[in-house]
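In what follows, residues are counted from 1 in the order of the sequence shown.
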Amino acid sequence: VGLLLWTWARRRQASTVEQLGFALLLSGALGNLLDRAVRGYVVDFIHLHHWPVFNVADVCICLGALGLFLTWRAQGRVAQAP
């Protein structure tokens, strides 16, 4: 969480999609961390058949990572496969 906050603070002038990606990653990480601190485990409650059980924090983490990846790839900060 600390590294994420530090990186986000250094990218204050980033695009809206990148800012949203950081916000989603941070909120998902804090949601799972809070669950673990309060209950001792993370509560997963969304169950789709033939798919692993997950929660809203997991969705936020995945969407945030996807947003950052796509933004950074468009900027050339992530190498593309040959």
J.: Donor-acceptor pair, Glu18 side chain versus Trp8 backbone, under 3.5 Å?
T.: no
J.: Using side-chain hydrogen bond (donor to acceptor under 3.5 Å, both in side chains) as the criterion, list what pairs up with Asn55, not counting sequence neighbours.
T.: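 Asn55 satisfies side-chain hydrogen bond (donor to acceptor under 3.5 Å, both in side chains) with Asn32, Asp44 only.
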J.: With clusters defined by side-chain heavy atoms of hydrophobic residues (ILVMFWY) lying less than 4.5 Å apart, directly or transitively, does Leu5 cluster with Ile61?
T.: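 Both belong to a single hydrophobic cluster.
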J.: How long is the gap from CG on Leu66 to CZ on Arg73, to the nearest 0.5 Å?
T.: 10.0 Å
J.: Which pair of heavy atoms, one from Val1 and one from Ala29, lies closest together, and at what distance?
T.: CG2-CB, 4.2 Å
J.: Tell me whether Leu25 is reachable from Leu34 by hopping between hydrophobic residues (I, L, V, M, F, W, Y) whose side-chain heavy atoms are closer than 4.5 Å.
T.: no
J.: What is the distance from atom CG of Leu63 to atom CG of Leu68, rounded to the nearest 0.5 Å?
T.: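 One finds 11.0 Å between CG of Leu63 and CG of Leu68.
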J.: Under 3.5 Å, is there a donor-acceptor pair between the side chain of Arg12 and the main chain of Ala9?
T.: yes
J.: What about Leu30 and Phe22, same hydrophobic cluster or not, with Ile/Leu/Val/Met/Phe/Trp/Tyr joined at side-chain heavy-atom distances under 4.5 Å?
T.: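 Yes, same cluster.
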J.: Hydrophobic clustering (ILVMFWY, side-chain heavy atoms < 4.5 Å, transitive) - are Leu4 and Leu70 grouped together?
T.: yes
J.: Is it true that Val17 and Leu24 fall in one hydrophobic cluster, defined by side-chain heavy atoms closer than 4.5 Å?
T.: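 Per the 4.5 Å side-chain linkage, Val17 and Leu24 are not co-clustered.
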